[in-house]
Amino acid sequence: MTSKTSYEVVDGVAVLRLDDGKANAVGYDTLAAIDAALDDAEQSAGALVITGREGRFSAGFDLGVFEEGPQATRALVATGAHTAMRLYGAAVPVVAACTGHALAFGAIMLLSSDVRIGADVEAKIGLIEVSLGMPLPIFGIEMARDRLSPRHFTAATALATAYSPRGAAEAGYLDEVVPADELHDATMQRATALAAHVRRTAFGLTRRTARQKTIDRILSTLDEDLENFGVLE
């Protein structure tokens, strides 16, 4: 793991903490850390928790990479899509502890997780790509279609709405919102309960039945989709 992340397994629950001391922007090192955490959790844990730093879950992709041009932008987004699909199709339940702002790819990480618990703080959560001049890629749209309330789908995608944590719970980014000082305990309790309750083989078979066609479709059309994903406008 890099200095921006830490990873441990506690009582059968794997915990990945994202903390770059800033906004938790997602670059290649963070994506590699998530992939490595999934590799280990699927072998040695019953659930995986992903959490951020106080006030910041993730601000999305590292815009510094995007500033290198369309090719660099598309390469990072493609790598992120593969990581998101790994989360979405993980062989263990994934629990997200949303510590604060979760924007763009940060919001996709929430949508790709099975259980999403948020801190009741001042924060913005949403798929804001359109407001940045970028089309929402297909994996973001499909995650939104699967996890968000149909009533909020257009507002959340084409209209780039950013929600408060309580609004995000209504829209479907979060499952529940708790006081910030209770977030860690609430998340660990839920993950521990899932690790004890969910049977791995049955979970894996059900996961594939429910999600594999969507994952395959997203990955098979990703290159074509990202042809239109370029520099900020």
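Hydrogens, waters and symmetry mates play no part in the numbers below; they use all other heavy atoms, side chains included. Since the structure is predicted, the reported quantities are computational estimates derived from the model, not experimental observations. The chain is numbered in sequence order, starting from 1.
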Please state whether the rings of Tyr163 and Tyr173 are parallel, tilted or perpendicular, taking 30° and 60° as the class boundaries. tilted
[X] [atom1] to [Y] [atom2] distance, which is reported to the nearest 0.5 Å:
| X | Y | atom1 | atom2 | answer |
| --- | --- | --- | --- | --- |
| Arg86 | Leu31 | CZ | CG | 11.5 Å |
| Ile34 | Ser58 | CD1 | OG | 8.0 Å |
| Leu63 | Thr73 | CG | OG1 | 9.0 Å |
| Phe61 | Thr79 | CZ | OG1 | 8.0 Å |
| Gln71 | Leu226 | CD | CG | 12.5 Å |
| Thr83 | Met85 | OG1 | CE | 10.0 Å |

Using residues 43-50 as the side-chain source, report each donor-acceptor pair under 3.5 Å to any protein atom, sequence neighbours left out, with the distance given to one decimal.
| unit_1 | atom_1 | unit_2 | atom_2 | d |
| --- | --- | --- | --- | --- |
| Ser44 | OG | Asp40 | O | 2.8 |
| Ser44 | OG | Asp40 | OD2 | 2.9 |

Which heavy atom of [X] sits nearest to which heavy atom of [Y], and what is that distance?
| X | Y | result |
| --- | --- | --- |
| Tyr28 | Leu76 | OH-N, 3.2 Å |
| Ala169 | Val177 | CB-CG2, 4.0 Å |
| Leu103 | Lys124 | CD2-O, 3.5 Å |
| Leu18 | Thr5 | CD2-CG2, 3.7 Å |
| Gly100 | Val121 | CA-CG2, 4.1 Å |
| Gly118 | Leu174 | CA-CD1, 3.9 Å |

Would you check if [X] and [Y] make a side-chain contact, meaning some heavy-atom pair closer than 4.5 Å?
| X | Y | answer |
| --- | --- | --- |
| Ile141 | Phe153 | yes |
| Tyr88 | Ile218 | no |
| His82 | Leu222 | yes |
| Thr51 | Arg17 | yes |
| Thr192 | Asp11 | no |
| Arg147 | Leu110 | no |
| Arg116 | Cys98 | no |
| Ile117 | Leu183 | yes |

Would you call Arg200 and Glu42 a salt bridge, taking side-chain N to carboxylate O under 4.0 Å as the test? no
Does the pair Asp19/Arg53 count as a salt bridge with the N-to-O cut at 4.0 Å? yes
Should [X] and [Y] be counted in the same cluster of Ile, Leu, Val, Met, Phe, Trp and Tyr side chains packed under 4.5 Å apart?
| X | Y | answer |
| --- | --- | --- |
| Val10 | Val92 | no |
| Leu38 | Phe57 | yes |
| Leu87 | Ile125 | yes |
| Leu219 | Phe139 | yes |
| Val115 | Val94 | no |

Does [X] [atom1] have over 12 foreign heavy atoms under 6.0 Å away?
| X | atom1 | result |
| --- | --- | --- |
| Asp216 | CG | yes |
| Arg190 | CZ | no |
| Glu54 | CD | no |

How far apart are the C-alpha atoms of Thr221 and Ile138, what are their side-chain angles, what is the distance that settles it, and do they pass the side chain to side chain contact (heavy atoms under 4.5 Å, CB included) test? CA-CA 8 Å; Thr221 59; Ile138 190 171; 3.6 Å; yes
Pairs involving residues 93-115, ordered by first then second residue, that meet salt bridge (Lys or Arg N to Asp or Glu O under 4.0 Å) (sequence neighbours left out):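 Salt bridge (Lys or Arg N to Asp or Glu O under 4.0 Å) check on residues 93-115 returns Asp114-Arg207, Asp114-Arg211.
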Dump the intermediate steps for side chain to side chain contact (heavy atoms under 4.5 Å, CB included) on Met188 and Val15, then the final yes or no. CA-CA 9 Å; Met188 292 304 296; Val15 180; 3.8 Å; yes
Chi angles and distances behind the side chain to side chain contact (heavy atoms under 4.5 Å, CB included) call for Glu182, Gln189: CA-CA 11 Å; Glu182 297 178 12; Gln189 287 172 8; over 6 Å; no
Sub-3.5 Å donor-acceptor pair from the side chain of Ser113 to the main-chain atoms of Val95, do we have one? no
